[in-house]
Every structure is written in structure tokens, then in C-alpha cells.
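Proteins get letters first, then strands, A, B, ... in listed order; numbering begins at 1 in each. In this text the structure is predicted, and so the values were computed from the model without any measurement.
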Amino acid sequence: MRAVRWHGKKDVRVDNVPDPEIVNPRDAIIKVASTAICGSDLHLYDGMIPSMQAGDILGHEFMGEVVALGRGVTNLKIGDRVVVPFTIACGQCFFCEKTLTSLCDNSNPADNQDLAEASMGHSPSGLFGYSHMLGGYAGGQAEYVRVPFADTGCFKVPAHLTDDQVLFLSDILPTGWMGAENADIESGDTVAVWGAGPVGQFAIRSAFLLGAERVIAIDHRPGRLALAAEAGAETIDFENVDVMAALAETTGGRGPDRCIDAVGMEAHGLAIDNIVDRGKQAVGLGTDRPHVLRQAIVACRKGGTISMPGVYGGLVDKLPMGAFVNKGLTLKTGQTHVHRYMAPLLARIENGEIKPDVIISHRLSLRDAPGAYDNFLNNQDEFTKVVLQP
Amino acid sequence: MADIDGALAPPGTRLSPRKNLKLAERGLSMAAGSLLGVLAARQQGAAGVMLGLAGSLLVARGMSGAAPAKRLLGQRPDEAEVAKAAGWKSAAVASRSVTINAPRAVVWRRFRDLRSWPDWAVNIEAIGPSANGSRLRFTTQDPSGPVQWTGGVTEERPEELLAISSDEGSAVPVRVRYEFHDAPGGRGTEIHAAVAYEPPGGSLGRYAAKLTQREPGIQLRRDLKRFKSLIETGEIAVNDPQGTEPKA
Ligand SMILES: NC(=O)c1ccc[n+]([C@@H]2O[C@H](COP(=O)([O-])OP(=O)(O)OC[C@H]3O[C@@H](n4cnc5c(N)ncnc54)[C@H](O)[C@@H]3O)[C@@H](O)[C@H]2O)c1
Ligand SMILES: [Zn+2]
Ligand SMILES: [Zn+2]
């Protein structure tokens, strides 16, 4: 089959590889119909996430048709049309029982858990196509993909909805939603969202649905800011406006009640701290650029909440911890517990409250993946979200 | 021998003193360091700097009585005790605990079924009765290939404790001990495990085994996770085949 494989920093190729097979009783094989490139994939593309190996198959946002099932899967049948959460979860461990599925104890293979434990103390769940520390599983930017624990990991979707409408249930729609939910929004709140990428777009829309009165989107891509404005957000272009001053003024000096970091470890921009972090990354002295998190802490209203769906990979420094403590802030984060949100968000798609396909800018063939990665990184204003068809 | 034959030492009480040098060793360290310092002063360039650095490290080692390298590579006091009691040249003890989301009776029943250990213990190929039926016959994987040895259950209290030891003079000198407790708050069962073994090649051999991931402590950690997965989910997660090319 054809699959998109990571060969190194900024080196992604479409290769011929063996088809996946059923290995464990609870496995399924999915024939991929649609798959997307995520902002998280850009961290891999940029070589920012440790423990990738040349030849790893990428992709964690995908859907398709069940074509083979292990003998342990009884709730699916061949031909079912399913969306697959990017977090792999067993459904039976302590964490899965609490619906904290991105923290599953059992989906990251024991040897791979060692890598995660060495740096994090404990291992989170395995993910599709997202480094060996986080599972070492082949991803879904391919014609076929093996889905472990398929009985909990395959979510059936109704025929009357198109792929474009349901594909993002695999990751970014629940991620934006959980990003807003984690912000503890109360009615009347003003919510600031850093990053108007796909995750930010869904966080903005979710924040309104969860009762925010005002949402302020911060980015430097005019196209993406325009998309945020369509959802009713006010916008700040950080290249041309002083973000801190603008946030303070527009909120009557209070600061936004809730701040959402939908940017993560690779902040753009020429702020001094970000330039220093960039230098440290270049020479291997640092891993992450937490410029947005720093800004959010200082901008946030006293007693407010910071929600951080943006991904960080390693160590950060120069965090304004004094401000964090003295302003009594709360920070919530995590890889998304996707399973928990699929059914309720599907209902909101069906009743028209959420229209996930508005963020799609390009529909391309899987063969075009190398160019699509390049454009999604370097031509972000035009390429808001790329869907690939095998 | 608190660890492996008596009750498991409570977590955190296994002594590994940071200050691990005897008085004579400290004196020697300081003297050697000062000598290097004198030599360094006579050297030019990089060699002098390196000598000076080594000298001052030795002096610091002697003054503080702390030798991190020795602590990393050497035996801990509890390991020395195990070695003495077992009649081994030296011993390595590793311990690990895991929580399984299942009742103690279920965990015990599956764990006590020694024949099924190869399902989750990667290094064990088979466990069965020995030729005369009175002992257990183990087939395990060594870096050099499969080895066979005999041993037996030395202590057993159902749902509480299982201890297994290799027979004297066996090819693989090892003792393991597993304790079973209810986790607090109805959160399943904790297994507290310890493995003691005579490292082939002493402390350095143990370090080499760690580098090749063949060290029993590493195996213990991974095996307990695999056992947990098997009980909780009915299978053990694997990521093969990934399509990744083997490293050249
Ligand atoms: N927690 C999860 O489970 C999860 C899931 C999916 C994605 N993510 C993460 O969410 C983040 C966003 O994902 P995405 O797909 O939207 O990525 P993306 O790269 O398409 O979007 C990021 C946006 O942030 C903007 N940005 C960069 N620097 C900024 C700054 N200083 N201030 C304001 N905006 C800035 C960029 O211009 C871009 O539009 C990534 O870190 C991704 O890894 C997390
Ligand atoms: Zn993603
Ligand atoms: Zn689980």
C-alpha cells in the first residue's frame, strides 16, 4: 500500500510499504477514505518531537471503512464506516474508566512506555503515528491502517454525513472543544484564544457554545483571523498590534477571564523571549518555545483559567511563575480524551450547531502529501487545513 | 535479608547512602587528587587543564566522602546482604510495583498459573515440572540463547505472597518475590515485586546488561506491565508491524 512516511526533519515521502495485518484479537484494519494533516504533525515535520524513526508512517486524523476484524471485536462489522480517535485506549484501565482516554495505561507497548517514563515519570496512551515514546504505531496517512482496541476506538458515523463533516471528530474538533471546556468558561466571560489554526478555530466556536460573551482571536495570518471573525471573534494581529496592551485595553483593564493556548511549542514571532528560545532550540539547549504561555499568564485576569491544548514536548524555562501564583491562576491541559467527546459532538454536527468543514482549505490526493506538508507549514494563510484522499 | 526472603522492604527504605566512602578511601582520594594538582601545575595547555580538573574532582570526592560513580556501579548494602545469604559473589536487587484494575483473587489466579508466564514474560520460554516432578524446570532466554535450570516455590500464601528461587548451583542464580495487596480506595490490586540475581561479571556485568536491555530489573518492569495489560484488556499492546526499516 501507499503510506506517508517520515524520513527526517522536513523529509516526508509517499512510499510503498506492506499492508497492515490483524495482530491482536481486538484489532481492526481500516481502509482509509479521508485523512488530514494536523498542526501536531508539523512538530514532527520540524523534528521537534523526540523518538521518531526514519520510515515511521505518519497520520492520526483518519476515517474509513472496516475491512478486517480480530476475533475479539463484536460491536463492529466489515463495511462499517468509522472515525478513529487519535488516542488509542483500552477502555478498561483506571484511566479509561474515568474517560481519561489519552492517559490509558495499556495502549502504549511496555517497551515504549520506558521511553515515556524516563522523561515524564509515567506513560500516557499510545497515539497513531506520533513517535515511539508515544506508542510507535503506524499512522493513518496511508491506504490502510491497523487500529488496536478497535472495539473502543472505532466510532460509527451515519451515512447522511459527509467525510468532511465527521473526519475532525478524530482529533481537532474534540481538541478545540476540550480546550474551551478546560477554560471553565462562565457566562459573560471574555475568552482570548492564541492561535487561529484548526484547533483555535474550533476552540473559538466551542467557547461561544459554552457561554462566552466575547472571544478574542490572536494570530498573524490574516486569512485565519478572517475565519475566526466569521465565527464572531474579535481579532488581534500580533505582528501589527501589541497583544498585551490590546488585551488589557479591550477588557477594561481586567484582562481576559480565560486564556487558551492553541499554539503550543513552536510559537512564531519576533518577541525577544521567542528569539532566545529559537536560538536554544537550534543548538539543542531547549526544546520548546513557550512564548504564548508566558503571554497568557501575564495577560490573564486575576483568578482566571489558562487552558492549553497546544502541545509542548520537553522543557520550558522563564515561565512567569510568580505571576501565576500571585494572580491565583489555574492551568488545565492534556492530549484530548477524544472518545469522551465523539458522541456529543456528532450530535452538535447533526443539528447544525457546529460545521467542521468550514476550516478545510484543500482536498488533495495522498500522493501530494510532501507538498501539502510544506505548504501547511510555510503557506499557512492559504492552507488552513488539508484533507488527503488515498 | 529484609528484601527478598523476608517481607519486602517498604518503598524508599532501601539504603543507598550518598556518602559511601570509608575514611581510608577518602584520604587516598584526597592524596591522589593533590598529586594530580601538582602535576597539572607543571603541564601546559589542555593536558594541564584536564589534569587539574581530575585532581580537583578527586579532592572533592575525598572531602565530601561521596562517590557517585561507585554508587551507580557498586552494590548497595542490602544487595551485599542478599549475596552473603545466598552464597553468591555479588547480588543485584531490583524492585517494582504495579497496580492492576482487577480484584486480588483474579490477579492471583492468573499469576499463580506458572505455565502461562511465557504469555507475558518475554524472557521466559517455558515453565513446567522437572524430570522427577518435584521441582520446576525453567527455560529462559539469555543473551547467548536459551538456558535451562531448575528451581521451586520457596514460600506461598494464596493471594498474598509468592516466592520462587533457583536451585543451588543452577545456571541462573535468581530469587523472585511477589506480594499482593489491595490498592486503597477499591482501585484494584498492587503487586510488589523484587528480583535478586547474581550478575554474571559482577557489577560491571550488570551495567552492561542494562545497556543491552537484558537486565532482570528492566525485564521485571516491562513484564509486570504486560501482565497488567493481559488481565485488564485480554491482550498485550504491540505496535508491529510499523513498516519501519530496520536500522542498518
Ligand atoms: N492537545 C491535543 O490533544 C492536541 C490535538 C491536536 C493539536 N494539538 C496542538 O494544538 C496546536 C495547534 O494545532 P493546529 O492544528 O491548529 O496548528 P497550526 O500550526 O495550524 O496553527 C497554529 C497557529 O498558531 C499561530 N501562532 C503561532 N505563533 C503565535 C503567537 N505567538 N501568537 C498567536 N498565534 C500564534 C500560527 O500562526 C498558526 O495559525 C499545536 O501545538 C498542536 O500540536 C493538540
Ligand atoms: Zn492532531
Ligand atoms: Zn485504558
Side-chain angles (χ1 to χ4, degrees), chain A residues 1 3-7 15-21 23-27 52-57 70 72 88-98 104-114 117 123 125-129 132 134-139 142 144-146 148-149 151-152, chain B residues 94 96-103 106-107 110 117 119-124 141 182-191 193 210-248:
Chain A
M1 65 163 185
V4 179
R5 298 205 297 171
W6 185 93
H7 287 269
D15 295 331
N16 260 313
V17 300
D19 287 357
E21 286 162 20
V23 183
N24 269 339
R26 293 172 62 187
D27 287 355
M52 286 295 289
Q53 292 177 13
D56 285 352
I57 300 174
I88 305 172
C90 78
Q92 285 138 323
C93 67
F94 171 81
F95 298 96
C96 285
E97 283 186 352
K98 284 180 160 324
C104 175
D105 258 349
N106 295 312
S107 58
N108 196 357
D111 298 17
N112 301 67
Q113 286 198 23
D114 271 1
E117 275 183 16
S123 168
S125 78
L127 309 179
F128 287 101
H132 287 258
L134 299 175
Y137 287 100
Y144 297 91
V145 59
R146 170 182 162 247
F149 300 117
D151 47 351
T152 48
Chain B
R96 178 82 182 187
S97 65
V98 72
T99 305
I100 300 176
N101 193 13
V106 172
V107 172
R110 298 286 296 272
W117 280 27
D119 292 350
W120 50 268
V122 267
N123 262 5
I124 299 181
Q141 267 298 337
D182 288 337
R187 290 181 192 181
T189 306
E190 293 175 7
I191 303 181
K210 268 194 183 160
L211 294 179
T212 60
Q213 308 277 299
R214 281 279 179 193
E215 199 264 334
I218 297 177
Q219 300 294 347
L220 176 72
R221 174 165 88 216
R222 295 179 180 174
D223 287 349
L224 287 175
K225 281 190 183 134
R226 275 186 280 259
F227 177 71
K228 167 189 162 79
S229 288
L230 194 59
I231 301 298
E232 290 185 348
T233 75
E235 60 184 52
I236 295 169
V238 287
N239 53 21
D240 282 348
Q242 161 58 289
T244 307
E245 278 144 23
K247 264 183 246 157

Quiz question: by atom type and distance under 3.5 Å, do the side chains of A/D111 and A/H132 form a donor-acceptor pair?
no

Do we see a donor-acceptor contact under 3.5 Å between the side chains of A/D15 and A/H7? yes

Ranked by heavy-atom pairs below 4.5 Å to chain B, first place among A/P148, A/A3, A/C93 goes to A/C93

Contacts of B/E232 meeting side-chain hydrogen bond (donor to acceptor under 3.5 Å, both in side chains) (sequence neighbours excluded), chain-then-number -> A/N106, B/K228

Residue set satisfying side-chain hydrogen bond (donor to acceptor under 3.5 Å, both in side chains) with B/N101, at least two apart, ordered chain then number -> A/E97

Checked B/R226, B/K225, B/E235 vs chain A; the most non-hydrogen pairs under 4.5 Å come from B/E235

The interface call for B/I236 against chain A, heavy-atom contacts under 4.5 Å, is backbone

